[in-house]
Asker: 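The structure is given below, and queries will be raised subsequently.
Naming convention: chains lettered A, B, ... in sequence-line order (proteins, then strands); numbering from 1 in each chain.
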Protein chains: 2
Amino acid sequence: MNPELEKVRDSFIETMGQLSMSLGLSQVVGQLYALLYLSNKPLSLDDMVEILEISKGNASVNIRELERWGAVRRVWVKGSRRDHYESESDVLKVVLNRLKDGLQRRINNTMDAIGKMSELINEGKKEFSATEKKTAMIYIERLNEIKEFRSVIRGFLRNVSEFIPEKDKLQRRS
Amino acid sequence: MNPELEKVRDSFIETMGQLSMSLGLSQVVGQLYALLYLSNKPLSLDDMVEILEISKGNASVNIRELERWGAVRRVWVKGSRRDHYESESDVLKVVLNRLKDGLQRRINNTMDAIGKMSELINEGKKEFSATEKKTAMIYIERLNEIKEFRSVIRGFLRNVSEFIPEKDKLQRRS
DNA sequence: TTAATTGTTTAGAACCTACTAAACATATTA
DNA sequence: TAATATGTTTAGTAGGTTCTAAACAATTAA
């Protein structure tokens, strides 16, 4: 392969690896995707292992991760016994959905915990001394403030949903 | 302190620490903020060190982090030589701005890299063989697809900006 | 000026994550 | 059936991050 083109390809792989990392995913996930994204034909695990110079196990685990959330598709290649993969075209959608779901889950966890704490305070209330009651009041106030965020966040998530582009607006692949 | 209330406080601190971590920040950052958020008076470093049972160095570094991005404010407490801190009320705004800026920076980095790659291909073009030209074509096509995302992302970020609530809509502190 | 108080920096320890190499499981061919 | 090809799982390791303890710096008090 032409060394100039190889340099470009490797830069792209590097850039996408970094982007992946900065989004809280592993570097290799981004690199694998980048590789498939640039390729005009499906690649096997061994192809990827060779180009990225990583272990087979590493590639295996990370390609399954990509597959699991629909960024990559396993395809059959005539005459080969190996699994081959190609990139899915609407990654943006997939990525945003992932971010959204993640945020949603985190918020839900947080809100559940907050709810439990409110209950706990209300249960203990009766036996509180005057000072303790004052503290409890403040806690309840703060917890309620957080609860109010829930609707705000909900609005935000709706916003994100609306933003996620339709598949057919981003056509790909010759 | 009442053990029930202490339990609630510690749950809150734990929850916020986890939320912080899941947003890519350090656990202690979230815990420190949570502590100040619940407190009805400013706290000193040593107060926080004692409650969270962490080292002074750790607290120092992380409280400065919080201060640096405006989630926490250093306040003067009469008769004490120590620095005291209290939580800023519009954290949601601060957090969303941070997320936005972070995304923006990442996208810019990515786009810069993509631009450089396009140039590199165009420079080398002349001496490419037929096969290499075909590969180069594909690369250029893919890079352009990515470039198109820029405007989409820009739209999204505008969306986020609009979403960020005004300070006075979320009043706090008695 | 010395001693005490307080916040910051740093060297090393503890911890966690992601990787490799090798063993393993499964399917295919001979 | 044995031999080969392929993907997955796992034990151990390497590298990076974050923490602590202690040294340090700077300020205040005696």
Side-chain angles (χ1 to χ4, degrees), chain A residues 10 13-14 16-36 41-69 71-86 102, chain B residues 10 13-14 16-36 41-69 71-86 102:
Chain A
D10 290 352
I13 292 171
E14 186 184 350
M16 288 303 142
Q18 285 167 351
L19 187 60
S20 175
M21 271 198 296
S22 80
L23 291 171
L25 301 168
S26 93
Q27 183 177 26
V28 174
V29 161
Q31 291 180 331
L32 285 170
Y33 185 80
L35 189 48
L36 293 172
K41 61 174 198 294
L43 300 179
S44 71
L45 254 200
D46 283 11
D47 293 335
M48 300 187 254
V49 160
E50 197 188 349
I51 297 173
L52 298 182
E53 293 180 29
I54 57 176
S55 71
K56 211 156 52 117
N58 193 1
S60 172
V61 160
N62 283 292
I63 203 76
R64 262 183 302 149
E65 176 77 10
L66 278 167
E67 212 186 345
R68 203 164 54 73
W69 51 276
V72 135
R73 179 178 346 118
R74 199 182 297 215
V75 297
W76 175 62
V77 167
K78 260 198 219 174
S80 172
R81 280 166 52 192
R82 299 186 181 180
D83 294 345
H84 285 69
Y85 298 87
E86 65 178 22
Chain B
D10 290 351
I13 291 172
E14 186 185 350
M16 289 301 142
Q18 285 166 350
L19 186 61
S20 174
M21 272 197 296
S22 80
L23 290 171
L25 302 168
S26 93
Q27 183 178 26
V28 175
V29 161
Q31 291 180 332
L32 285 170
Y33 185 81
L35 189 48
L36 292 171
K41 60 174 197 293
L43 300 179
S44 71
L45 255 200
D46 284 10
D47 292 336
M48 299 188 254
V49 160
E50 197 188 349
I51 297 173
L52 299 183
E53 292 180 30
I54 56 177
S55 72
K56 210 155 53 114
N58 194 2
S60 171
V61 159
N62 284 293
I63 203 78
R64 262 184 302 148
E65 176 76 10
L66 278 167
E67 213 186 346
R68 203 164 54 73
W69 51 275
V72 136
R73 175 176 353 115
R74 198 183 299 216
V75 297
W76 174 63
V77 166
K78 262 196 220 175
S80 172
R81 281 166 53 192
R82 302 187 179 180
D83 294 344
H84 284 68
Y85 297 87
E86 65 179 21

Asker: Please, which pairs that meet side chain to side chain donor-acceptor pair (under 3.5 Å) have at least one residue in residues 47-57 of chain B, sequence neighbours excluded?
Answerer: B/Ser44-B/Asp47
Asker: Taking CD from B/Glu65 and P from D/dC19, how many angstroms apart are they, rounded to a whole number?
Answerer: 12 Å
Asker: Which atom names give the shortest non-hydrogen contact between A/Ile13 and A/Ala34, and what distance separates them?
Answerer: CA-CB, 3.9 Å
Asker: Can you give one letter per nucleotide of nucleotides 22-30 of chain D, going 5' to 3': B for a protein heavy atom under 4.0 Å from the base, S for sugar-phosphate only, - for none?
Answerer: -----BSS-
Asker: Can you name the residues that form a salt bridge (charged side-chain N to carboxylate O under 4.0 Å, His left out) with B/Asp46, not counting sequence neighbours?
Answerer: B/Arg82
Asker: Hey, could you give me the CG/CE distance between B/Leu35 and B/Met16, rounded to the nearest 0.5 Å?
Answerer: 12.5 Å
Asker: When the distance from CD of B/Glu53 to P of D/dT20 is rounded to whole Å, what number comes out?
Answerer: 10 Å
Asker: Taking only residues two or more places apart in sequence or in another chain, which ones pass salt bridge (charged side-chain N to carboxylate O under 4.0 Å, His left out) with A/Glu67?
Answerer: A/Arg74
Asker: Starting at CH2 of B/Trp76 and ending at P of C/dT6, how long is that distance when rounded to a whole Å?
Answerer: 16 Å
Asker: Expressed in angstrom and rounded to an integer, what is the separation of B/Arg64 atom CZ from C/dT6 atom P?
Answerer: 18 Å
Asker: Sugar-phosphate atoms are those with a prime plus P, OP1 and OP2; base atoms are the rest. Using that split, label each nucleotide of nucleotides 11-19 of chain C B, S or - for protein heavy atoms under 4.0 Å, 5' to 3'.
Answerer: --------S
Asker: Going by the rule side chain to side chain contact (heavy atoms under 4.5 Å, CB included), which residues pair with A/Ala71 if we only count those two or more places apart in sequence or in a different chain?
Answerer: A/Tyr33, A/Leu66, A/Trp69, A/Val91
Asker: Please report the distance, rounded to the nearest Å, between CZ in B/Arg82 and P in C/dT8.
Answerer: 13 Å
Asker: Can you name the salt bridge (charged side-chain N to carboxylate O under 4.0 Å, His left out) partners of B/Arg81, sequence neighbours left out?
Answerer: none
Asker: Is any side-chain nitrogen or oxygen of A/Ser60 closer than 4.0 Å to OP1 or OP2 of D/dG7?
Answerer: no
Asker: What's the CG-C1' distance between B/Asp46 and C/dT5, to the nearest Å?
Answerer: 10 Å
Asker: B/Leu32 has an atom CG; how far is it from atom P of D/dT18, in whole Å?
Answerer: 14 Å
Asker: Quick one: list whatever passes salt bridge (charged side-chain N to carboxylate O under 4.0 Å, His left out) with B/Glu65, sequence neighbours left out.
Answerer: B/Arg68
Asker: Round to the nearest Å and state the distance from A/Glu50 atom CD to D/dT6 atom C1'.
Answerer: 16 Å
Asker: Which residues pass the side chain to side chain donor-acceptor pair (under 3.5 Å) test with A/Ser26, not counting sequence neighbours?
Answerer: A/Asn62
